[in-house]
2 protein chains.
Amino acid sequence: MNKQPKYRQVADALRREIDGGALPPGSRLPSESELSARFDASRNTVRSGLSLLVSEGLITSSQGLGYEVRSHEVFELNASQFENLNFPQNGDAYSTDVTNAGRRPHQTFRVEMKPAPEDVAERLTVEAGSTTVLRFCHRFVDDVPWSTQATHYPAWLVEQAPRLAEPGDIAEGTTRYLAAHGIEQVGYFDEISTRMPTPDEARLLEVGAGVPVLLWMRTGYSGDRPIRCTITTFRGDLNRMNYEIGDLSARSENEPQ
Amino acid sequence: MNKQPKYRQVADALRREIDGGALPPGSRLPSESELSARFDASRNTVRSGLSLLVSEGLITSSQGLGYEVRSHEVFELNASQFENLNFPQNGDAYSTDVTNAGRRPHQTFRVEMKPAPEDVAERLTVEAGSTTVLRFCHRFVDDVPWSTQATHYPAWLVEQAPRLAEPGDIAEGTTRYLAAHGIEQVGYFDEISTRMPTPDEARLLEVGAGVPVLLWMRTGYSGDRPIRCTITTFRGDLNRMNYEIGDLSARSENEPQ
DNA sequence: TGCATCAACTTGTTCCAACAAGTTGAGCAA
DNA sequence: TTGCTCAACTTGTTGGAACAAGTTGATGCA
């Protein structure tokens, strides 16, 4: 009957307390030594159980402070709104959304010339390793890292729209700037996936163990030609992406945002 | 200069070998004792480093077999195709997609009466805990667990369409069946998020540590009324969701699936 | 009062040891 | 040949110990 290893019993017991509300989000767990006594297990065994919960994203640990039940507060992202000339540019959409939610947006920005990674090259239908312009955004909400966004533009496009390669913002928005040069985006292809963060991503997004990243890859088209590929990495514990498909006008009237 | 703890050095070194291709997907890692000798570290320290890579989803471990570099083979899901009367039902879409990809689909199915969980109740605009019909699917591809899908229908809808509560498939598809009873879906609201699997989900999807799940929540509307809420959990390492937005007809001609 | 120090907590890292349990192949017996 | 057993590998579990390092609050000094 007691086939489960002890460290798993510890994890299960604590998980039940968390799910049942006995340990609400933000509350501190008993210390390792307390749990060690309570479960009649060595500190190592208790630590194994706790690290299981950490890797499930249920709790966090801080040296000197103890373990804490993670609290979730997700941020909604509307991905299906079509970005066109009447729509503010991507960066603006972020600032507007965050401000509307009563939060404080903040972002750092840089422009680089970069060889295209394989996955980007494939989507832009250029040679892997060929030069692209990379416009990179690191975004925060209330000073908490939220997402990184890397947009690659193919070289042929930059020739027609040279300001893409210049550092600094494009005030009117890249979408509008491109349209002024005869490049109008007519559609997108979105790909959404998830995985555990690389060490680099974990550093940029300040996520600990047990938090996956949400990957959003958007390829923008002008006619049949891909003109940009945007890869956004979100903290998986803080974000949710929404798409509206079909006619939801009746619903929207009943449930305004 | 050597401030990193030793177990992290082990993980970093192995991660570099994996990323660099020295340890290709599917290959076996050296055993713990070999690594212990190579890094002049105890077995426990090596295990700490390895478990880091496991929780990053880079490698897997099997008792008696050793550690193996995980190989990724993602399956594409087209989520933006609008499901209507001219479109096969959800279950059929899965079978068709998988078969077209040259894989073998397999699913188990059951129907239950279930009180609505809070998140579902909110989306169906019914009382939390009120009775709903739950149609549950457990799907496999080549006998590998792929996803679980739970669709909740509100009680008022089941009164109009009683076959929803009966066990067994609805041959013509639920969409068509509902339409025949005057309930036509006009749009969807999709929400996509990610997190680490619960122990139940890990069991159903047979995922080990370090693999997040991709959560897809689709609320279907008929007019202003929500008529169903479908929650699908995918193995994050095997699936990617795709959305097409705007006019991509020119692109589709160039890149047929 | 204000500030520095330090004791007493916390988790983090690293070693050691022993046994359990899953896998594989060699080698022996029928 | 076939099939079984078992030794020799592998990782999994559990205990112990010691010290490092981060945090907090009490204590006592200026």
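Here is the naming used below: chain letters follow the sequence lines, and residue numbers restart at 1 for every chain. Side chains are part of it too, since the values below use all heavy atoms of this structure and drop only hydrogens, waters and symmetry mates.
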_Side chain B:Arg43 and base D:dG12 donor-acceptor under 3.5 Å_ = yes

*Rounded to the Å, how far apart are B:Glu68 CD and D:dT11 C1'?*
14 Å

_A:Leu215 side chain near A:Ile192 side chain, heavy-atom distance below 4.5 Å_ = no

_N or O in side chain of B:Ser31 less than 4.0 angstrom from D:dT10 OP1/OP2_ = yes

*Look at all strands and tell whether A:Ser62 reaches a base, only sugar-phosphate, or nothing, counting heavy atoms closer than 4.0 Å.*
sugar-phosphate

*Look at the side-chain N and O atoms of B:Ser42 and state whether any lies under 4.0 Å from the OP1 or OP2 oxygen of C:dT14.*
no

*Any side-chain N or O of B:Arg47 under 4.0 Å from OP1/OP2 of D:dT11?*
no

*Is the phosphate of D:dG12, meaning OP1 or OP2, less than 4.0 Å from a side-chain N or O of B:Ser61?*
yes

_I want to verify a distance call: between C:dC15, C:dT13, D:dG12, whose nearest atom is closest to the B:Thr45 side chain?_
C:dC15

*Does A:Tyr67 place a side-chain N or O at less than 4.0 Å from the phosphate oxygens OP1/OP2 of C:dG12?*
yes

_For a quick check under 3.5 Å, do A:Tyr243 and A:Asp190 share a side-chain donor-acceptor pair by atom type?_
yes

_OP1 or OP2 of D:dT10 versus the side-chain N and O atoms of B:Ser33: is any pair under 4.0 Å?_
yes

